[in-house]
Chemist: 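Below you will find the structure I want to go over with you.
Atoms within a ligand are numbered from 1 in the order they appear, just like the ligands themselves.
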Amino acid sequence: MTPTLTTPSTITSASRCRFADDVRDFLTQQPRQLPSHYLYDELGSALFEAICRLPWYPLTRAELRLLEAHAREILDPGVTTVIELGPGSGVKLSALIAGAGTGRGPLDLHIVDVSRSALDEASRSLEGFENVRIVPHERTYEAGLEEFGHARSVSERRLALFLGSNIGNFDPQGRDAFLRTVRAALNPRDALLLGVDLVKPERELLLAYDDPLGVTAAFNLNLLARINRELRGDFDLDGFTHRALWNEESSRIEMHLRSNRRQSIRVHEAGLDFVMGEGEMIWTESSYKYDPPEIVSMLERSGFGVRAQWIDAVDGFALTLAEAL
Ligand code: AVJ
């Protein structure tokens with residue numbers, strides 16, 4: 001008999017089971033694929049942090065500049081509650097609060113992430129602010145938003161943040177559904193700030209997703225290493241090459257892992273045993289890129305009115321502030 005499981009190991013085995021199911025379902029589709037959120041285990045998250053410091057991946061720095069330059073307008077004194085979906089290390093929210101200056105009432109900061117370690121890190125970096133209450137939610141974005149839809153006081157005015165061009169991971173249908181979920185958690189006059197990477201010359205996009213130091217390649221290949229570690233897989237990492245492609249028609253960067261040769265693969269804990277041909281690919285991520293007017297119309301379709309849009313023309317990044325209608 002299995003002894004009674006403590007909460008943490010129950011969660012671990014449940015999420016491992018989920019991972020195994022997804023790996024089986026997605027790797028057996030045509031084309032073979034894997035959900036991109038699995039890129040972010042502990043090592044994957046550290047590699048993503050490193051990507052954000054690469055000179056070829058300017059998104060994070062461009063967004064931070066825009067946040068600092070327009071902090072007062074974004075975080076106007078009427079806002080009582082900020083909800084950030086995916087706070088990362090908390091630097092962006094810190095920059096916003098610092099940039100908006102003093103002279104406001106108490107601020108509630110709700111941070112939503114599936115990763116406990118991300119929530120802990122963000123909480124630590126926000127701790128120093130006075131008059132601020134940090135409320136971490138260890139939830140998916142959707143589950144977190146659902147929670148906010150309910151309990152709220154009349155005097156609250158909310159600002160939701162969805163930054164880092166994370167919206168780029170959704171396909172158009174998922175994106176619209178997600179924006180409507182955000183809208184449903186807000187009341188009229190609440191706001192949403194959306195950070196989105198813009199369409200730019202192909203050569204710049206490819207450098208951002210296939211950098212000369214190979215950090216993005218390591219980030220992508222780590223997904224196979226994670227499957228090996230957590231699900232007893234036998235992927236030979238040398239047998240795969242990182243590929244970044246610009247899909248002009250769909251306006252998205254795609255990351256793939258290309259099989260360098262014909263090879264058989266087993267993933268024990270997913271009950272998987274299959275053969276990949278030479279040149280066959282596993283599609284691991286899409287990052288959709290937009291033009292500024294497309295951002296305005298996706299927000300308008302989802303029940304928002306755009307109040308302001310700030311663009312960093314050097315690196316091609318937009319922050320759009322929209323009001324719930
Ligand atoms: C965190 C999803 C916004 O798509 O640019 C970075 C992830 N992938 N380099 C992006 C990523 C490859 C990133 N997002």
Side-chain angles (χ1 to χ4, degrees), residues 33-64 66-67 84-93 111-115 117-118 121-122 140-141 161-172 174-175 178-179 193-200 202-226 240-247 250-258 281-290 295 298 312 315-320:
Q33 49 197 281
L34 288 166
S36 60
H37 65 94
Y38 289 117
L39 290 162
Y40 302 90
D41 64 347
E42 205 183 312
L43 179 53
S45 301
L47 288 166
F48 177 65
E49 293 280 320
I51 288 172
C52 293
R53 297 169 192 224
L54 295 174
W56 308 279
Y57 190 85
L59 285 73
T60 321
R61 290 180 298 276
E63 186 171 53
L64 206 50
L66 289 170
L67 283 170
E84 182 166 19
L85 306 170
S89 60
V91 277
K92 291 171 189 175
L93 191 45
I111 50 178
V112 183
D113 207 294
V114 286
S115 154
S117 57
E121 199 190 340
T140 63
Y141 301 150
L161 305 177
F162 196 43
L163 302 175
S165 207
N166 281 322
I167 191 122
N169 279 164
F170 290 104
D171 64 21
R175 172 201 72 202
F178 183 75
L179 287 175
L193 183 72
L194 198 59
V196 182
D197 197 27
L198 302 177
V199 176
K200 63 203 74 179
E202 179 172 355
R203 131 190 78 79
E204 287 174 40
L205 286 167
L206 291 178
L207 266 176
Y209 290 84
D210 192 3
D211 63 271
L213 282 175
V215 183
T216 310
F219 173 66
N220 198 7
L221 282 160
N222 175 58
L223 186 45
L224 301 183
R226 178 180 185 180
F240 288 86
T241 307
H242 166 68
R243 278 287 147 87
L245 307 173
W246 171 240
N247 184 330
S250 303
S251 193
R252 66 184 184 219
I253 281 279
E254 298 172 4
M255 287 206 316
H256 298 265
L257 291 162
R258 180 188 182 276
M281 312 257 254
I282 302 171
W283 183 8
T284 53
E285 186 184 52
S286 294
S287 294
Y288 285 81
K289 305 299 171 184
Y290 293 100
I295 302 166
M298 71 172 84
D312 184 296
D315 289 320
F317 197 92
L319 271 187
T320 309

Chemist: Purely on distance, is any nitrogen or oxygen of Tyr57 under 3.5 Å from one on ligand 1?
Modeler: yes

Chemist: Quick one: pull up CG in Leu257 and CG in Leu221 and give me the separation to the nearest 0.5 Å.
Modeler: 5.5 Å

Chemist: On a heavy-atom basis, which atom in Leu319 and which in Gly195 lie closest, and how many Å separate them?
Modeler: CD2-CA, 3.8 Å

Chemist: Write out the residue and atom name of the closest protein heavy atom to atom 2 (C) of ligand 1, then the distance separating them to 0.1 Å.
Modeler: Asn169 OD1, 3.0 Å

Chemist: Going by the order shown, which atoms of ligand 1 are within less than 4.0 Å of some heavy atom of Ser165?
Modeler: 3 (C)

Chemist: Out of Ile51, Ile167, Asn166, who is nearest to atom 1 (C) of ligand 1 when you count heavy atoms only?
Modeler: Asn166

Chemist: Provide the closest heavy-atom pair for Glu121 versus Ser89 in the form atom of the first, atom of the second, distance.
Modeler: OE2-CB, 3.4 Å

Chemist: For atom 3 (C) of ligand 1, what's the nearest protein heavy-atom neighbour? Residue, atom name and distance, please.
Modeler: Gly164 O, 3.0 Å

Chemist: Tell me, which protein residue and heavy-atom name are nearest atom 4 (O) of ligand 1, and how many Å apart are they?
Modeler: Ser287 OG, 2.5 Å

Chemist: Could you please spell out the steps behind the side-chain contact (heavy atoms from CB on, under 4.5 Å) verdict for Asp315 and Leu198?
Modeler: CA-CA 9 Å; Asp315 289 320; Leu198 302 177; over 6 Å; no

Chemist: For atom 8 (N) of ligand 1, which protein heavy atom lies nearest, and how many Å away is it?
Modeler: Glu285 OE1, 2.7 Å

Chemist: Going by the angle between their ring planes, with limits at 30° and 60°, are Phe178 and Phe162 parallel, tilted or perpendicular?
Modeler: tilted

Chemist: I'd like to check the ring-ring contact (aromatic ring centres under 6.0 Å, His included) partners of Tyr40; sequence neighbours left out, ordered by chain and number.
Modeler: Phe48, Phe219

Chemist: If you measure from atom 10 (C) of ligand 1 to every heavy atom of Tyr40, Phe170, Phe219, Tyr209, which option wins on shortest distance?
Modeler: Tyr209

